[in-house]
Each structure stands twice: as C-alpha cells, then as structure tokens.
**Q** 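I have a structure here, written as structure tokens, and I will follow up with some questions on it.
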Amino acid sequence: VARVSARRADLDPSLERIRGGAPAANPNVRRLAGFASVHECPTAAVAFAARVDTNRALKGTPYQMPFGQSPFAIGRGYAFEKLLRQHGHAELRAVLREGTGFDFSTAAVHNLRDGFPLSTPGRTMRAQVTRDQLRQVVTHPDELAIVDGAILPREIGGVRVDFEADELAIGIEGAVLVGENKSWPVVDGRPADPDALGSALDQSATYVLLAREIVADEGLDPSLVSGDALLITPRNTGLSPVLHRQNVESRVSRIERLLEGVPQVGDITRSVPVDVTFERVADMNLEADARIDAFADLTDQVGRRYEAGSCLTSCGFAWACRACEFADAAPSLAGERAARAVPSIDRLDRVAQLGAGAPPTAGEAPVAQELARAGRLVDEVFVAPPRRRRSA
Amino acid sequence: VNATLEALLASRVHADGRALRRTTLCHTHLAEDPLAVVVWRLGGERFRASAIAWGSVGGDYQIAVAGEPRNRDLYFGALLPFAEALCERVAASTGAYEERASPRSERVDRIPTGAQQLVVANRTTVEALALIGRYLGYLSDRSGVVPDPRLLEAGRHLRFYTRRTRVVGQSLLVPLDRFVAQHWATLLSPVEQANLASLDAQIEPHPGMHAFESSASAEATMVVGPEPTEELDRIAMTLLQDFNAARGRSTDIAVVEPLTAPIKAHYRALVDRDWDLIARVVERERGLTEAPSVARRWEDDRRALGRHLEWVVTRGGRYRTLDTPQQAAMTLRSLEEAKRRYEAECAIDDPALMIGSLLDGDALRGQVVEVDDSHTITNPSGRNVRRARLRLRSDDPVVAPEGKRLWWTSTAHDDPWAVIDVHQERTAFVVELQLTAATRANRLPAVGERITMSIHHTGRDAWPMPLPSDPPWTHMPAGAAPIIDAIDAGDTESETAPVLSDAVPNPETLS
C-alpha cells in the first residue's frame, strides 16, 4: 500500500504544479536533516513535499546560497571508503575487530554497492537483501555478517525514500549495529569538527530507527537493533581508520518524532492555494528582483518562519527569506533571542518607537515597559553627558 | 546579553542603517604591533594550510604556499619561514622580565613586560591554527628525518596561543569576529557574526546602502578564510593538478618553488582581501579607549606566556595532549572564574555593559537617601559590630530577595552589601541594604549620590581547595593514561584525488 501511495504522490500533478519547473531534489538523509531544522516553516514544508531543490531554485540571483562541497573533501571521503573496502574489506574487518572485540575476519560481507543496478529495481533488490539479512541474523545470533551499502526504505510524508547505510554490522552479541563512515579526523579522542559529529550521529540514529522498523515488520523484536552506533573515522592526519561506539538512543526518539511530523504530501496539496507555485521563483529568464518578489508573494501566501540559526545552516531559501524579513523590518533579523523578547511586536521600527517611550497598545504593554526602560538606559549612556565611572 | 536590549539595539541599527557601538570602552588589549595571521585550507584537509600569510597589521605580509600541502616535505619546506618568524617574534616580544609572586602559589612568576599578540579574522582560523599546532608541536622522526626544531617550537606556540583563547577576556590571540561582535550592535544573528566581512559591512556600509544590504552583499561576494567554498577549491584543484604534473615527484625547492607561482597568485588574491579587512577592523577599534581592567587581564596573559616560554623554550618541555582528570577539573574552574571576573570587570568599567544587568535584575541603580554608619549588629560570636546600612531610592522596579548580596560598583573588589528590605513608596522603590563588613568611610557612598549595586564583583571567589592527587575511580579514564602522542603517522600516505560534486551519484533516491 505504501509503495502504491508513494507512486501516486510521485506522479501527483498538484506537486508538479507547485514545483513549477524548479530544480527537483530527491530526499536523502542530509536533506532530511536539513528539513528537520526548519520543518515548522510552511514554505520549507511545501518545498520539501514538492521536492523543490531549495539550494538551486534561486540560481542566478544574489539569493542563492553557497552550498556545495570541496572536491578535496569529497575525494578524501571517497578515498576513505575505498580504503575500508579494498582487499575484501580487510581494513573494515580489522577496525570492527579492534573496536568491538569480535573477530570479523571470517564474517560474511554482503557488498550491495556492487552487482546491483543504480535504478529503482536495483535499489528495491538491495532493500530486499538488507531485509533478508536482518531477519537471518536476528534469528541466527551466532553468525557475524556485514551488509555494506544496506538500503533501508521508508515512507516520509507519503513519499518512499531509500536510505543507504554504510554498514550494518550484524551479530555482535546477537544485536544489529549500524555503522557510518566519515572522513573527518579524530584527534586525541575528539572530532576535529564537533558539528560534523552531531550530524553523523543523527544520520546513524535515522538508520537505527529504520532498521528497527524493518525488524518489527518481520515480527521480530526491534530492540535487537542496538541503540549504539558505530562511527568509523580516520585517526589523526592520515586515513588509518578507528572505530567509535556512541549511544544514539535519544536521537532515535527525536528523529522518530520528526519523521512523524513531516507533513503528508496529500495534506499539503489540499491545503496550499491553487495558485502557489515556484515557477516564477525559479524562472532564470526573469530578473532577480522579479524572482524575489515572486518568492515574497509565495511565502506571504503559504507562510514563512525565519529563524537565522537554523535556516542559514539548513535551508537554501534562507537568504531570500532574510531579504523578505528585512523588507518587513522583522525582529527575527537580529536572531531568535531578540525576536522572542518582543513577541507581540512584528516590526523593528515599532520596537524603536516603544524604546523611545511611545505609548503601547494593549497587546504591546507586556514588553513596552521593559523596552522603554532599555531605551532610557541606553540613552543615558550614549546620549547624555558621561557620568563619573563609579556610578557605572 | 539581555534579549530586550538586543531587540532594542537591533531596532536602532535598522532605523539608522548602520551598526552601533554597544560599549563605550574597548575591553580587549590591542598591542602596538600585533602579528596578523591568515590561513587558507583545502576542503577536508584540517592539518595543513594551503596558504598561510603573516605580518604586522596594516603592513605587508609574507605568504607560504606549499603547492601540494599534503606532501610532508613540501609542506614543511614552505612552512619553515612562518615558523621562524613566529618563534622570533614571540621571543623578541617579551622584553625584560619582572618577578612577581604568583597569585596561586608560593612560586615567583617571571612576567615578560611585553608579549606578542596574534590577530586573526575569525574563530575558525583559531581552530585551524590549533590543529596545525597540535600537528607540528608533536612531530615524530618520520622516515628517519628529524623535523626542524623551529617547526616543533612554532607548533607548541600555536598550541599555547589557541588554548589560551579558552580564557574569556584574554588578548594574546584575538579572533576579530568575536572581538567586533562584542563591541558593536548589528543586525546580524549570532550565526552571521562569524563572518568578519559581514560585520565590517554593517559598521561601515557601502555608500547609499543600508547595513543589512551591505552585509548581505559582503557575505555573498567575500569569503574569509580558512574554509574554501566549492568554487574556490575547484580553481585550487586545477592549479594543484597542473603543479603536481609539472613537478613529477620532485620535492626539491629549486624545482618546485617556481612552479608554485600560479597557486601563490590564487591565494594572494584571497589573502589581500582578508589582509585589508583585518587592518581596517583593527585600526577602527584602536579609536576606542581601553577599559581600566584590560591592564590586569593583559598582565595575566603575559604571565601565562612567560610560563609557557619557560617550559617550552627554556626547559624544552612538552604539554600533555590530554588533561589528567585533576588538570581538567582545575582548568574548568579557572576558566569559569576568568569568565565571571571578565563579565564583572566589563560591567563595572563600562556603563553600557551594565545595562543588561539592570534589565535582568542583577543590578539596581538609585539615589542614596540615607546612610546609617552607626548601625550595629551582634555577630555570631556575640560581639556588637558596626555594619552600616543605607537606603536607596530607585525609579525602576526592584525585585530582590532578602539577603541577596550586591556590590557597590565603586567597591566591587571589596565586601558586598546584603538586601534587608525592598518596598514601594508611591512610584518609587526603596531598597535597604546592610554592609557585610566593618564600617569604613571608603566603603560608604554619600547621601544624594546616584549609585549602582550589582551582583558583579572583581575580587576572587574563594581560593580553590586542592584536589586529591589520586582521583577516585569515577574520575579516571577507562583505558590507559593518555600519552604525549605524535599524530603524523599518515604523512607517508599518498594524496587523495579530488572528486567533483557533479560526479557523485545520490544513492538515496526516490523509488
């Protein structure tokens, strides 16, 4: 049933109309993580459901954000993966043995990256092998096995997405462990990039959740999929791998809530006005101003929630939304904390008026007194003649 | 920082069209001749700078470009002039030494009268220098070749300087993004404040442009190192491929040096912009008077540098790469104390920085309406002692529980006052406070004086109790004790080939 609905959604002409020729993006775990940070924004939700590539929709305007990855960084990642797989996965077996204490030298390795077509049928076959292996090992806990490139399908908001896990290391103490390879180094036990560690653990937690759902679907105990994730990274300056084991149980719960919160494609199709489309936003034949105007109109219709901290790091529309917020003189420009301090005031010029002592409306009264006091204190320091320092 | 104050300042920046000063004083020491350092890396390569530039702020810079920074010989060869310059400048900056009793122990500290200050564009550069320092400071004799001692010493200096940035209020290594964000109110969120070009554009917008538009334009057009964009690394990739093809496997400086010219030109163009930006920002901030407490913190910095030089240069020592549990606990405590003291000193020095405390209820300001310097109490040992009381009238609402300790800003290094009572008289609030120490004239404000009382105090909190030399098992690492460890084992590996993003298939696709 899920697959049928997914295909229906995929072909839904309403979504095609909403996308309106804007560049399309297939959901993947990175995009999902990005959406997780901005999922309360109606425009981001519509774009995610309609599979609009927010990173490329504004190409050719000053509002396109510089997303992308250095070829050196990608090359390093490729080289690290290759190192783990070469010579019959010798390095991978060694690092698993060293990190878990179990002998993987004779473990079966099912490399699903080779021998399967890249097409939809190929991924479906890989998903079936992954499912078979999960069932096999959970019911035969004495056998160690590794699934390299496991495919974990899941319906998200009515669309089927195939997630690819680097490794499922199976059979350790009768449990299934999810493994993820990352090419950033760990030095003195600490990641060189703490933010990247958080993303990697979120990614692993997603795979733990999906693996549990498959195991449960097979009528088996989902708790056999461990809440610990295995992270394989280079140690120090080279690519020599080292394994880290980290519990991601709390992240699994958060991601489960997040996935449940992803709006259904069908609901979005029904709720969005019929004239909402990214067509003019993405039309490279139009001037940049016309495209940002079209974007502003669209977000005004659908709704927009700009939070600098999450949007600027996760959404390709962030600069465009920021420009809209500036045009609206929105307090969110200065960050979430500042915006939350003036909840009943939606324009910065009004904040300035209240800070200068203008009489508030009833709705503004709770924050007006504090704003007026702040304005007076600032004026005392910067406008009034300087005081003796002892008065601070 | 108080959120209401942030919103108010943002509204004024929005109205004025340019950033506003949020302080009346400069709270970081700016040395006469700081050494600016600019780093650029290849994406994903965290231990090696593809270009490193250094020089006096506002002057010319020197640049080191290895060509292929992932080759150890080429990298070290290129880096050596930087290492020499850093070691020389650090050694030369100290001047004479003065001897002072250590505030922490019975030892005598030798404090240099000067110290080399480093200035970088942002905190990302600090992180980059920290990794380079970790790498160079602990090099092994790989392939039987002993690394140049100047590289080792420079690495240890970088490690010291970057670790020092954990001390809030230090001025030995100044990341300008943080420095500017502390001294200016802008329309930038905390995430955006990491971009020095954006901050600068909000302070001095392009003619005819609002601060917001100017910073958005700067953000889109100017990348500040060390992290390259995909676009920049695509250019670097082509240049490196040409360079590697031309040099074959040669690492001979005479052969390689001329071949680096195109790569140098690429990075010079990037460094030029960073360099001008750093000079402009530093010059602008020099216009602000230094806060009185900066001198104390700068002395702490010099004291720390003196200890570092004695350990590393004089004694040839190395630092642990991981703290022991005891070190970690003591370090955390001293960092927390440094932060508290810095915030207190800033608020007491600078009336603009006291505003947040007033709004948060951590400070109160009013007029002294009565001082009773003959008030006596019976202390716990049964003696009658004089403890002055005062009454303060404030026009602003005051919420303070009985017993709350507040310091008068003029005696913030001394003992506090305790709140006895708060009540409202018509529209004003009257606060009664009692001194917690013996009554003396210099501890008392005059009637009619307008004073500020706050939670901030500049004296030390209680002296830390010594920790047990043998920590309990709950505080011991599970494995073996950490050792001082070289991290250059991967230097013999061959360089990885770059891969363009267009060539990467997305396996996680829709069915």
Side-chain angles (χ1 to χ4, degrees), chain A residues 3 6 10 26-29 62 66 68-76 78-79 118 120 159-164 183 185 187-188 192 236-240 308-309 312-313 326 329 331 333-335 337-338 340-342 348-349 351-352 355 370-371 373-375 377-378 381 387 390-392, chain B residues 3-8 10-12 14-15 24 42-47 131 134-135 187 189-192 212 216 220 228-230 233-234 237 321-322 348 351-352 354-355 358-359 396 409-410 450-452 487-491 493 496-501 504-511:
Chain A
R3 242 175 244 171
D10 209 16
N26 294 321
N28 58 25
V29 75
Q69 216 180 347
S70 157
F72 294 101
I74 299 172
R76 185 179 161 86
Y78 265 44
L118 288 172
T120 302
V159 179
R160 181 184 137 142
V161 184
D162 291 329
F163 292 97
E164 186 185 62
S183 66
V187 183
D188 301 327
N236 302 333
T237 58
L239 290 180
S240 166
L312 286 166
T313 53
F326 175 66
L333 280 174
R337 279 191 76 236
R340 277 199 293 269
V342 287
L348 282 169
D349 39 18
V351 173
E370 188 78 343
L371 271 173
R373 188 178 172 212
L377 289 169
V378 170
V381 172
R387 251 177 248 294
R390 66 185 295 180
S391 300
Chain B
T4 304
L5 179 61
E6 285 300 294
L8 176 92
S11 74
R12 292 189 173 184
H14 183 264
T24 62
L42 299 177
E45 293 296 333
R46 281 152 169 110
F47 299 97
L131 286 174
R134 172 68 181 88
Y135 172 43
L187 264 186
S189 64
V191 174
E192 295 160 295
F212 172 83
T229 58
E230 179 183 4
D233 258 2
R234 279 177 179 251
M237 181 184 82
T321 52
L322 279 177
I348 287 157
M354 184 60 88
I355 296 173
L358 288 163
L359 293 170
D396 291 318
T409 51
S410 290
R450 193 160 181 268
I451 67 167
T452 302
I487 57 170
D488 57 354
D491 283 8
E493 295 171 10
T496 57
V499 175
L500 293 173
S501 56
V504 181
N506 176 10
E508 296 170 340
T509 49
L510 282 170
S511 289

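Every chain is numbered from 1, with letters handed out A, B, ... down the list of sequences. We use all heavy atoms of the structure for the numbers below, so side chains are in, but hydrogens, waters and symmetry mates are not.
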**Q** Tell me, out of B:L8, B:T229, B:V191, B:L5, who's got the most heavy-atom pairs with chain A below 4.5 Å.
**A**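 Among B:L8, B:T229, B:V191, B:L5, the one with the most close pairs to chain A is B:L8.
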**Q** Flag the one option from A:T237, A:V187, A:I74, A:L348 with the top tally of heavy-atom pairs under 4.5 Å to chain B.
**A**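 Max contact count across the listed options: A:T237.
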**Q** For residues A:F72 and B:G43, report the shortest heavy-atom separation together with the two atoms involved.
**A**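 For A:F72 and B:G43, the tightest heavy-atom pair comes out as CB-O, 3.3 Å.
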**Q** Chain B heavy atoms under 4.5 Å from A:V342: which part of the residue, side chain, backbone, both or neither?
**A**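 Contact with chain B involves the side chain of A:V342 alone.
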**Q** Output the distance between atom OG1 (B:T321) and atom CZ (B:R134), rounded to the nearest 0.5 Å.
**A**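 Interatomic distance, B:T321 OG1 to B:R134 CZ, rounded to 0.5 Å: 4.5 Å.
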**Q** Check each atom of A:L333 against the heavy atoms of chain B and say whether the ones under 4.5 Å are side chain, backbone, both or neither.
**A**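 A:L333 touches chain B through backbone and side-chain heavy atoms alike.
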**Q** If I take atom CD1 from residue B:I348 and atom OG1 from residue B:T452, how far apart are they, to the nearest 0.5 angstrom?
**A**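 Reported to 0.5 Å precision, the distance equals 10.0 Å.
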**Q** Where on B:L187 is there a heavy atom nearer than 4.5 Å to chain A: the side chain, the backbone, both, or neither?
**A**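 For B:L187, heavy atoms of backbone and side chain both lie under 4.5 Å from chain A.
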**Q** Determine, stepwise, if the pair B:M354 / A:V381 fulfils side-chain contact (heavy atoms from CB on, under 4.5 Å).
**A** CA-CA 10 Å; B:M354 184 60 88; A:V381 172; over 6 Å; no
**Q** Please determine, among B:A216, B:A7, B:A15, B:A220, the option with the most heavy-atom pairs under 4.5 Å with chain A.
**A**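 Top count of heavy-atom pairs under 4.5 Å with chain A: B:A7.
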**Q** Could you look at A:E370 and say if it's the side chain, the backbone, both or neither that has a heavy atom under 4.5 Å from chain B?
**A**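 Both parts, heavy atoms under 4.5 Å.
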**Q** Quick check on the interface: out of B:Y135, B:F212, B:F47, who has the most heavy-atom pairs with chain A under 4.5 Å?
**A**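 That would be B:F212.
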**Q** Give, as side chain, backbone, both or neither, the part of B:R46 having an atom under 4.5 angstrom from any heavy atom of chain A.
**A**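 It is the side chain, since no backbone atom gets that close.
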**Q** With chain A, which of B:D233, B:D491, B:L500 has the greatest number of heavy-atom pairs at distances under 4.5 Å?
**A**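 That would be B:D233.
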**Q** Which residue out of B:I487, B:T24, B:L42 racks up the most heavy-atom pairs below 4.5 Å with chain A?
**A**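 The residue among B:I487, B:T24, B:L42 with the greatest pair count is B:I487.
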**Q** What residue, out of A:S183, A:P66, A:A79, A:A338, has the most heavy-atom pairs lying under 4.5 Å from chain B?
**A**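 With the most close heavy-atom pairs to chain B, the winner is A:A338.
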**Q** Rounded to the nearest 0.5 Å, what separates atom OG1 in B:T4 from atom CG in A:L377?
**A**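 Here the interatomic distance stands at 11.5 Å.
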**Q** Looking at chain B, which one of A:S70, A:P71, A:G68 has the largest number of heavy-atom pairs inside 4.5 Å, strictly under?
**A**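 Option with the top pair count is A:P71.
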**Q** Considering non-hydrogen atoms only, spot the tightest contact between B:P498 and B:M237 and give its length.
**A**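 Heavy atoms only, the tightest pair is CG-CG, 3.4 Å.
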**Q** Can you tell me how far CZ of A:R340 sits from CZ of A:R337, rounded to the nearest 0.5 angstrom?
**A**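 A:R337 CZ to A:R340 CZ: 8.0 Å, rounded to 0.5 Å.
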**Q** Against chain A, work out which of B:H14, B:E45, B:E6 has the most heavy-atom pairs shorter than 4.5 Å and name it.
**A**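 The candidate making the most pairs under 4.5 Å is B:H14.
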**Q** Where do A:A334 and B:P190 come nearest, in terms of heavy atoms and distance?
**A**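 For A:A334 and B:P190, the tightest heavy-atom pair comes out as O-CD, 4.4 Å.
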**Q** With a 4.5 angstrom heavy-atom cut-off, which part of B:A497 approaches chain A: side chain, backbone, both or neither?
**A**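 Only the backbone of B:A497 comes within 4.5 Å of chain A.
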